[in-house]
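Worksheet: one structure, shown below.
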Protein chains: 2
Amino acid sequence: MPPPGKTRPTSRDVAREAGVSQASVSLVMGGKWQGRISAPTAERVREAARSLGYRPNLAARNLRTGRTRTVLLVVPSLTTHFFAGVHTGAARVAAAHGFSIVLYPSPAGVGPARDPFASAPAALDGVLASSMAAQALTVLRGDRLPLVMLDSEPHTSPGAATVNLDIADGVRRVAGHLLGLGHRRFLHLRADVPSWTFGQRARALEARLAEARDATLATAVSPMTAEGGRAAVEAALTAPGPRPTAVVCDDDLLAVGAYKAARRLGLRIPRDLSVTGVDDQVLAVALEPELTTVRLDAELTGERGMEALLSVIDGRAPVTHDIPVDLVVRGSTAPPPPPLAAAP
Amino acid sequence: MPPPGKTRPTSRDVAREAGVSQASVSLVMGGKWQGRISAPTAERVREAARSLGYRPNLAARNLRTGRTRTVLLVVPSLTTHFFAGVHTGAARVAAAHGFSIVLYPSPAGVGPARDPFASAPAALDGVLASSMAAQALTVLRGDRLPLVMLDSEPHTSPGAATVNLDIADGVRRVAGHLLGLGHRRFLHLRADVPSWTFGQRARALEARLAEARDATLATAVSPMTAEGGRAAVEAALTAPGPRPTAVVCDDDLLAVGAYKAARRLGLRIPRDLSVTGVDDQVLAVALEPELTTVRLDAELTGERGMEALLSVIDGRAPVTHDIPVDLVVRGSTAPPPPPLAAAP
DNA sequence: ACGCTCACGTTATACGTAAAACGGAGGAGC
DNA sequence: GCTCCTCCGTTTTACGTATAACGTGAGCGT
């Protein structure tokens with residue numbers, strides 16, 4: 001269909017073919033010909049474009065309009081279930097508005113000091129950033145690009161919209177649930193990832209447990225892998241002193257490690273040990289027993305974030321969204337075993 | 001740092017500041033000033049650029065050079081473990097070469113008929129496409145863009161590189177492993193996804209089992225979810241006639257469903273039923289017992305694919321890569337239970 | 001018959017950059 | 001003293017599009 005000449009046809013070629021000016025082609029292809037171009041002429045242009053296989057040159061359009069209809073999504077890792085979901089939701093909204101998403105390739109975690117633009121990604125209209133420290137904000141704002149932060153440290157920068165996931169509340173409810181079951185000795189399995197969100201979870205757990213005056217909290221730190229979680233929990237559970245009866249994990253993936261540790265130590269879940277996670281991935285129901293966890297709606301987060309970003313790009317005032325978080329109680333939590341002293 | 005004037009500084013502004021021409025700025029910023037600009041002048045330009053906070057306008061550069069250093073990655077879904085890995089690998093290579101990746105937002109699976117360019121994504125230098133039918137190829141080739149296919153139907157199009165994952169071989173090895181254990185009645189849990197790769201798996205399994213003259217194969221089809229897999233397997237295992245002793249699943253996720261079905265039917269894995277998957281996700285080791293599965297190296301696939309694409313973009317001849325596939329034997333496979341007739 | 005509006009296009013320009021084509025000055029060679 | 005390089009830049013042009021500014025002829029009221 002395209003002419004044997006190797007270069008792509010331009011709007012001028014279409015204009016010549018249709019017997020109109022280049023400007024008319026631009027108007028018709030841009031869909032803004034209402035009352036400027038007659039219907040028959042518009043149809044002739046479209047026909048010419050079709051026969052030549054014309055496709056507008058996006059680079060030229062971007063230069064001319066100063067817009068690219070492309071946004072950057074900054075996430076630590078796509079292999080993390082949550083961020084993949086965020087992308088899915090964001091992509092859905094973006095596609096509906098004719099926007100493309102460029103993913104920032106973030107080598108091993110987005111630290112505060114990294115400059116997402118160092119590697120000069122494509123020309124952008126805005127940025128959607130996940131789990132960032134407030135400090136990173138200043139770097140990002142340096143470009144005065146529309147910016148939306150997801151599940152990130154609260155900040156006071158004007159003009160930046162945010163989408164909050166109240167994971168702290170989820171963690172509080174986990175703690176409340178376990179306290180209600182009678183647990184008093186807790187282990188927090190914390191992800192060894194320099195992301196604001198994990199610090200927030202730790203603080204929420206500490207605060208909630210502090211309310212119950214007799215609760216104790218130990219902390220184990222692990223890289224975000226099942227094997228790391230197993231090692232950390234196994235070490236913590238075999239340490240001297242009274243053993244924790246509940247393990248609160250920063251993520252479902254870490255909970256898998258807790259399950260493995262329990263199995264190796266001969267502890268049964270939930271009879272001997274209660275375990276909880278965060279995220280509610282497929283993993284949570286693959287485990288046996290199924291995992292009590294905090295459900296995060298990643299796709300909704302991505303959708304709301306992209307909506308907020310598009311609205312900032314369109315010049316509307318930045319808004320703040322809150323995404324609800326759910327406690328999903330399944331089979332991995334139960335009352336703690338009776339203290340040894342109480343045995344007959 | 002940027003001037004109070006709201007528009008971004010251009011190369012002309014930098015030129016004025018440094019007392020040189022715009023062309024010199026372009027040369028210096030482009031790094032091609034060897035022997036054309038003196039070192040002190042180049043330094044003066046860089047200093048001016050720094051003080052103004054100058055960043056080249058990518059849209060203008062793209063228009064001028066006809067290149068965008070941006071490629072499109074077409075995958076059915078990022079929430080699928082495998083494709084997230086492909087992206088990770090591809091992104092690593094892309095970043096190392098200063099390329100950005102745009103993800104094609106593919107609503108519910110990329111069918112052969114879909115045109116990835118219908119929604120006009122950003123200007124592109126090439127396309128990396130996963131699990132496509134050969135038919136889709138012609139659509140993609142319509143744009144004469146450099147193209148690399150991953151794990152896709154063999155084709156004869158000249159100029160398109162491919163990265164093959166020999167999953168068929170993996171499935172054959174699974175079948176051989178199970179036959180060796182003594183299994184003869186098989187159930188294939190097939191993913192209800194219109195992707196070439198799943199058809200290939202089915203054919204490979206059929207062919208391998210046909211070699212063992214006395215083996216029988218039933219097929220259950222399920223959407224790619226754990227719950228769907230459970231329902232399909234439960235139905236298949238309770239159907240009249242001799243019960244299969246081994247379930248070969250198209251994906252680890254479906255194997256989760258097989259585990260759940262087995263549990264509900266009171267069958268123990270692997271004593272009463274052997275189960276296998278494909279992919280070797282975290283899921284595989286989260287299951288109890290751990291899953292025997294075909295390991296796919298998604299990141300390597302993405303890396304090789306992106307390397308091949310970049311080399312085609314650079315005008316080198318397209319190459320074909322083969323990614324090795326491994327059978328990982330874990331605890332979910334064992335000899336079949338003795339036939340009832342053999343019981344005392 | 002004159003000006004006005006309206007419907008339908010066209011002409012001209014700018015976006016910011018890369019790079020080809022074009023000097024000018026200061027030596028080297030003879 | 002003349003040419004010829006070499007070094008260090010500059011001038012100029014083109015990329016393909018969107019859009020502001022500008023006709024132009026027909027219809028119409030007076």
Side-chain angles (χ1 to χ4, degrees), chain A residues 2 5-46 48-49 52-70 98 120 122-125, chain B residues 2 5-46 48-49 52-70 98 120 122-125:
Chain A
K6 26 182 41 210
T7 76
R8 266 175 48 169
T10 74
S11 60
R12 221 172 303 267
D13 297 324
V14 176
R16 194 176 309 119
E17 176 82 7
V20 299
S21 73
Q22 178 268 330
S24 298
V25 174
S26 181
L27 287 174
V28 172
M29 299 309 286
K32 334 197 161 197
W33 54 283
Q34 319 287 359
R36 320 245 309 125
I37 307 287
S38 71
T41 304
E43 186 46 43
R44 224 169 58 241
V45 168
R46 273 189 291 264
L52 292 180
Y54 169 72
R55 205 87 54 109
N57 180 318
L58 277 307
R61 168 178 298 173
N62 293 344
L63 173 58
R64 178 59 231 235
T65 61
R67 306 302 225 56
T68 61
R69 297 189 89 77
T70 299
L124 303 171
D125 278 354
Chain B
K6 25 182 43 210
T7 75
R8 266 176 45 169
T10 73
S11 59
R12 222 172 303 268
D13 297 323
V14 176
R16 193 176 309 118
E17 177 82 7
V20 298
S21 73
Q22 178 267 330
S24 299
V25 175
S26 180
L27 287 174
V28 172
M29 300 308 286
K32 338 198 159 197
W33 54 283
Q34 319 288 358
R36 321 246 306 126
I37 307 286
S38 70
T41 305
E43 186 47 43
R44 223 169 59 239
V45 169
R46 273 191 290 265
L52 292 180
Y54 169 72
R55 204 86 55 108
N57 180 318
L58 276 308
R61 168 177 296 175
N62 293 344
L63 173 58
R64 179 61 233 235
T65 62
R67 307 300 229 53
T68 60
R69 298 189 88 75
T70 299
L124 303 171
D125 279 353

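Worth knowing before you read on, the calculation uses all heavy atoms, side chains too, and leaves out hydrogens, waters and symmetry mates. Every chain is numbered from 1, with letters handed out A, B, ... down the list of sequences.
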Return the minimal non-hydrogen interatomic distance between [X] and [Y], and the atom names on each side.
| X | Y | result |
| --- | --- | --- |
| A:Pro9 | A:Gly53 | CG-O, 4.0 Å |
| A:Arg12 | A:Gln22 | N-CG, 4.2 Å |
| B:Arg69 | B:Gly98 | NE-O, 3.4 Å |
| A:Ala59 | B:Ala123 | N-CB, 4.1 Å |
| B:Arg8 | B:Arg55 | NH2-O, 3.0 Å |
| B:Ala18 | B:Ala48 | CB-CB, 3.8 Å |

Heavy atoms only, 4.0 Å cut-off, all strands: where does [X] land among base, sugar-phosphate and nothing?
| X | value |
| --- | --- |
| B:Val20 | sugar-phosphate |
| A:Ser26 | base |
| A:Thr65 | sugar-phosphate |
| A:Thr10 | sugar-phosphate |

Taking atom [atom2] of [N] as reference, at what distance in whole Å does atom [atom1] of [X] sit?
| X | N | atom1 | atom2 | result |
| --- | --- | --- | --- | --- |
| B:Arg67 | C:dA18 | CZ | C1' | 14 Å |
| B:Arg64 | C:dA18 | CZ | C1' | 4 Å |
| A:Arg16 | C:dT10 | CZ | C1' | 16 Å |
| B:Arg55 | C:dG16 | CZ | C1' | 16 Å |
| A:Arg61 | C:dT17 | CZ | P | 21 Å |
| A:Trp33 | C:dT10 | CH2 | C1' | 18 Å |
| A:Gln22 | C:dA14 | CD | P | 15 Å |
| A:Ile37 | C:dC6 | CD1 | C1' | 15 Å |

*Opening and closing nucleotides of DNA chain D in contact with chain A, under 4.0 Å to non-hydrogen atoms*: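 Endpoints of the contacted stretch of DNA chain D: D:dG16 to D:dA21.
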*Which ones in residues 38-46 of chain A lie close to DNA chain C, meaning a heavy atom under 4.0 Å from one of its atoms?*
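Output list: A:Ser38, A:Thr41.
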*For the side chain of B:Ala60, counting heavy atoms from C-beta on, which of C:dA14, C:dG16, C:dA12 is nearest?*
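Selected nucleotide (nearest to the side chain): C:dG16.
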*Pick one: which of B:Val20, B:Val28, B:Val45 meets side chain to side chain contact (heavy atoms under 4.5 Å, CB included) with B:Ile37?*
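Answer to the side chain to side chain contact (heavy atoms under 4.5 Å, CB included) test with B:Ile37 among B:Val20, B:Val28, B:Val45: B:Val28.
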*Could you note down all residue pairs passing side chain to side chain donor-acceptor pair (under 3.5 Å) where residues 31-40 of chain B supplies at least one of them, sequence neighbours left out?*
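Qualifying pairs, neighbours excluded: B:Ser38-B:Thr41.
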*Would you give the length of the straight line joining atom OG1 of A:Thr68 to atom CG of A:Leu58, rounded to the nearest 0.5 angstrom?*
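These two atoms lie 9.5 Å from each other.
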*Student check: side-chain heavy atoms of B:Val14 and B:Glu17 closer than 4.5 Å*: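 B:Val14 vs B:Glu17: side chains apart.
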*Between B:Ser24 and A:Val25, name the one whose nearest nucleotide on DNA chain D is closer to the 5' end.*
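Closest to the 5' end, via its nearest nucleotide, is B:Ser24.
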*A:Met29 or B:Leu63, whichever maps to the more 5' nucleotide of DNA chain D*: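 Residue closer to the 5' terminus by nearest nucleotide: B:Leu63.
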